[in-house]
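Working notes for the structure below.
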Amino acid sequence: MRISRQAVASLVVALSVGGAAAIVIAADAYQDRHMAMETVGDAMKSLGAIAKKEAPFDAAVVKANATTIADNLKTASALFTAGSGGGESRAKPEVWTDAAGFEKGMKDAQAAAVALQSVSDEAAYGPALGALGSTCKSCHDKYRLPKK
C-alpha cells in the first residue's frame with residue numbers, strides 16, 4: 001500500500017493542530033484551576049481573620065466562604081487533567097501518579113468545607129476550620145511544590 005505525500009502532509013497538519021489544541025486545553029486547565037485555588041485561598045484568608053479575632057464571627061460570612069471553598073475545590077479537582085502540569089504549575093507529578101490519593105484529598109477538603117458551611121456558633125468554628133485547614137495542608141504537603 002502506497003500513501004501519497006498529500007495524505008502524509010494532511011496527517012502531519014492534523015497531528016500538529018491536534019497537539020496545539022491539547023496544549024491550549026492543558027494551559028486553560030492550569031489557568032482555570034489556578035484561579036479556582038486562588039479563590040479558595042482568598043476565602044481561607046477571610047475565615048482566618050475570624051479565627052484570629054481580626055473580624056467578628058458571623059455565621060453567614062462563614063457559610064458564604066465555606067461554600068466558595070467547596071465549590072472551587074470541586075471545580076479545581078476536575079481541572080488536573082493529564083498534561084496540565086509543568087510550566088508555572090506547582091502541582092507535583094504525584095497529582096497524576098497517585099491520582100486516587102489526590103482525588104481523595106480533594107474530596108476530603110470538599111467535605112470539610114461543606115461541614116464548615118453548617119457552623120452556626122463560634123465554639124464550633126475553630127474545630128471545623130481546623131479540620132478544613134488540616135485537609136488542605138495534607139494535600140499541599142504531598143501534591144504541591146513550594147513557591148520558587
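Expressed to the nearest 0.5 Å, how far OG1 of Thr135 lies from CG of Leu73 amounts to 8.0 Å. To the nearest 0.5 Å, atoms CZ (Arg144) and NZ (Lys137) are separated by 10.5 Å. Considering CD1 of Ile69 and CD of Gln110, their distance stands at 11.5 Å, rounded to 0.5 Å. Once rounded to the nearest 0.5 Å, the distance linking OG1 of Thr67 with CD of Gln117 reads 3.5 Å. The distance from the CD atom of Gln31 to the OG atom of Ser84 is 11.5 Å, given to the nearest 0.5 Å.
Remark: Ser77 engages Glu103 in a side chain to side chain donor-acceptor pair (under 3.5 Å) (not counting sequence neighbours).
Residues Met37 and Tyr30 are members of separate hydrophobic clusters, defined by side-chain heavy-atom contacts under 4.5 angstrom among Ile, Leu, Val, Met, Phe, Trp and Tyr. A continuous path of ILVMFWY side-chain contacts below 4.5 Å connects Val119 to Val61, so both sit in one hydrophobic cluster. Hydrophobic clustering (side-chain heavy atoms under 4.5 Å, transitive across Ile, Leu, Val, Met, Phe, Trp, Tyr) groups Trp96 together with Tyr143.
Here the side chain of Ser138 pairs no donor or acceptor atom with the backbone of Ser134 at under 3.5 angstrom. With hydrogens and angles ignored, the 3.5 Å screen pairs no side-chain donor or acceptor of Lys148 with any backbone N or O of Glu88. Side-chain atoms of Asn72 come within 3.5 Å of backbone N or O of Thr68 as a donor-acceptor pair.
Closest approach of Ala115 to Ser118, counting heavy atoms only: O-OG, 2.9 Å.
Side-chain atoms of Leu129 and Leu116, non-hydrogen and from C-beta on, do get closer than 4.5 Å to each other.
Between Phe80 and Phe102, the ring planes are perpendicular. Angles over 60° get that label, and only those under 30° would be called parallel.
Defined by atom type and a distance below 3.5 Å, a donor-acceptor pair is present between the side-chain atoms of Arg33 and Ser89.
Within a 6.0 Å radius of NZ in Lys92, other residues, nucleotides and ligands contribute more than 12 heavy atoms.
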If you look only at distance, which donor and acceptor atoms sit under 3.5 Å apart when one is on a side chain in residues 38-49 and the other is two or more places apart or in another chain?
residue, atom, partner, partner atom, Å
Thr39, OG1, Met35, O, 2.9

